[in-house]
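Written below as structure tokens is the structure these notes are about.
None of the values given here were measured: they were computed from a predicted structure. Indexing begins at 1, ligand by ligand and atom by atom, following the structure's order.
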Amino acid sequence: MRKPIRRAIFPVAGLGTRFLPATKSMPKEMLPVVDKPLIQYAVDEAREAGIEEFIFVTGRSKSSIEDHFDHSYELEHSLEERGKTELLNMLHTVLPKVGQVSYTRQQQPLGLGHAVWCARYHVRDEPFAVLLADDLILSKPGCLRQMMDIYNDVGGNLVAVEDVPKEDTSKYGILDVISDDGTIANARGLVEKPSPEVAPSTLSIIGRYLLQPEVFSQLDLQQTGAGGEIQLTDAIAKTIGVVPFRGFRFKGKRYDCGDKLGFLEANLAFGLDREDLRAGVREVLKKYI
Ligand code: UTP
């Protein structure tokens, strides 16, 4: 029996430039899809997968994330006075248990690998999960739960993957695949943002990772890669040979909420997935098509 993964890192220190001006003073991860911020979807997904410690890597202008996962006494008091018990209970379900959340700060946005490295003292010598809240996944069970089930069998470094159009490989980390049974792809390498002509496949990494602590030894070297940033994928690639590396094709649909169109589509998809909103969303859509 493998040691269960109990800790998850949520890197939320990026600048979110594609969503300016919305992200000037508000983190991208607090953008709501329907009525829930992106970061809460990620935390709920992690909780469903058995995660018990939530480590946020924050930066400037990110204090609203800390507030979101804390009591809001004034609001709770007002809801109580007005007898809005259901809303009050819903707010309480958002709260992690006391001591389950910790925050560390990435002082400069030097890349995703650097953000994850900032959490090394919180994770120490144990396997851990990384979730990028702007990759929002509609699936039951959640993507991380599906990954944990596979991880318990295979161990190693496991990342969620999906096929992307050939012309889009330069936006993703792409796997160099040895074998692929349609669910799990064993890889010999990993290339960050390759142009379509040199991409080893079209199998791309999306924002869910289950990683071994060996990745930190590579991140310690602080080597920069694509875009001059310290890339998480480069550090994972360098552990191949020491730690097996696999891609997992999850069941579900991913929405890239770091991109405007992806974010709009996610709102429609999650709206249509909600019983209380489905009919209304359909009516709205009919007006436009
Ligand atoms: P993105 O690549 O989407 O970058 O980061 P970004 O800065 O957030 O957004 P744009 O491209 O400027 O619009 C993917 C995830 O990694 C985190 C981000 O917060 C996001 O959740 N990240 C990225 C960090 O925490 N630190 C970094 O230095 C870079």
contact_flag E29 ligand 1 heavy-atom lt 4.0 Å: yes
Protein heavy atom at shortest distance from atom 24 (C) of ligand 1: G14 N, 3.4 Å
Does any N or O of ligand 1 fall below 3.5 Å from an N or O anywhere on L112, backbone included? no
On a heavy-atom basis, I'd like to know which of P109, G111, A42 is closest to atom 29 (C) of ligand 1. G111
What is the closest protein heavy atom to atom 17 (C) of ligand 1, and at what distance does it sit? P11 O, 3.7 Å
Below 4.0 angstrom, N of the basic side chain to O of the carboxylate: do D273 and R278 qualify? no
G16 to ligand 1, any heavy atom closer than 4.0 Å: yes
Just distance, no hydrogens or angles: give the donor-acceptor pairs under 3.5 Å from side chains in residues 211-218, sequence neighbours left out.
from	atom 1	to	atom 2	distance (Å)
Q212	NE2	Y151	OH	2.9
Q212	NE2	G156	O	2.9
S217	OG	E214	O	3.3

Need the ligand 1 atom indices (1-based, order shown) with element for anything under 4.0 Å from a heavy-atom of L110. 28 (O)
Measure the distances from the heavy atoms of H114 to every atom of ligand 1 and state whether one is below 4.0 angstrom. no
Which residue supplies the protein heavy atom nearest to atom 15 (C) of ligand 1, what is that atom called, and how far is it? L132 CD2, 4.0 Å
When you group the ILVMFWY residues by side-chain heavy-atom contacts below 4.5 Å and let the links chain together, are F248 and I137 in the same group? yes
Mind checking whether I65 and L91 sit in one hydrophobic cluster, side chains of I, L, V, M, F, W, Y counted as touching below 4.5 Å? no
Please answer: with hydrophobic residues joined when any side-chain heavy atoms are less than 4.5 Å apart, are F54 and I39 in the same cluster? yes
Close N or O approach (A133, ligand 1; < 3.5 Å): no
How far is atom 12 (O) of ligand 1 from its nearest protein heavy atom, and which residue and atom is that? T17 OG1, 2.5 Å
Who's the nearest protein heavy-atom neighbour of atom 2 (O) of ligand 1, and how far? R18 NH2, 4.4 Å
What residues form a ring-ring contact (aromatic ring centres under 6.0 Å, His included) with Y209, not counting sequence neighbours? none
For atom 26 (N) of ligand 1, what's the nearest protein heavy atom and its distance? Q106 OE1, 2.7 Å
Polar contact flag, side-chain donor to acceptor under 3.5 angstrom, Q106-H114: yes
State whether a side-chain donor-acceptor pair under 3.5 Å links T239 with N157. yes
closest protein heavy atom to atom 25 (O) of ligand 1 is A13 N, 2.9 Å
For E126, is there an ion pair with R6 - N to carboxylate O distance below 4.0 angstrom? no
Return the closest protein heavy atom for atom 14 (C) of ligand 1 as residue, atom name and distance. D134 OD2, 3.8 Å
Proximity winner for atom 4 (O) of ligand 1, if only heavy atoms of K171, E229, K28 are counted: K28
Are any of the N or O atoms of V57 closer than 3.5 Å to those of ligand 1? no
With atoms numbered from 1 as shown, which atoms in ligand 1 lie under 4.0 angstrom from a non-hydrogen atom of A115? 24 (C), 25 (O), 26 (N)
Is K36 salt-bridged to D44, cutoff N-O under 4.0 Å? yes
Carboxylate-amine/guanidinium contact K28 D134, below 4.0 Å: yes
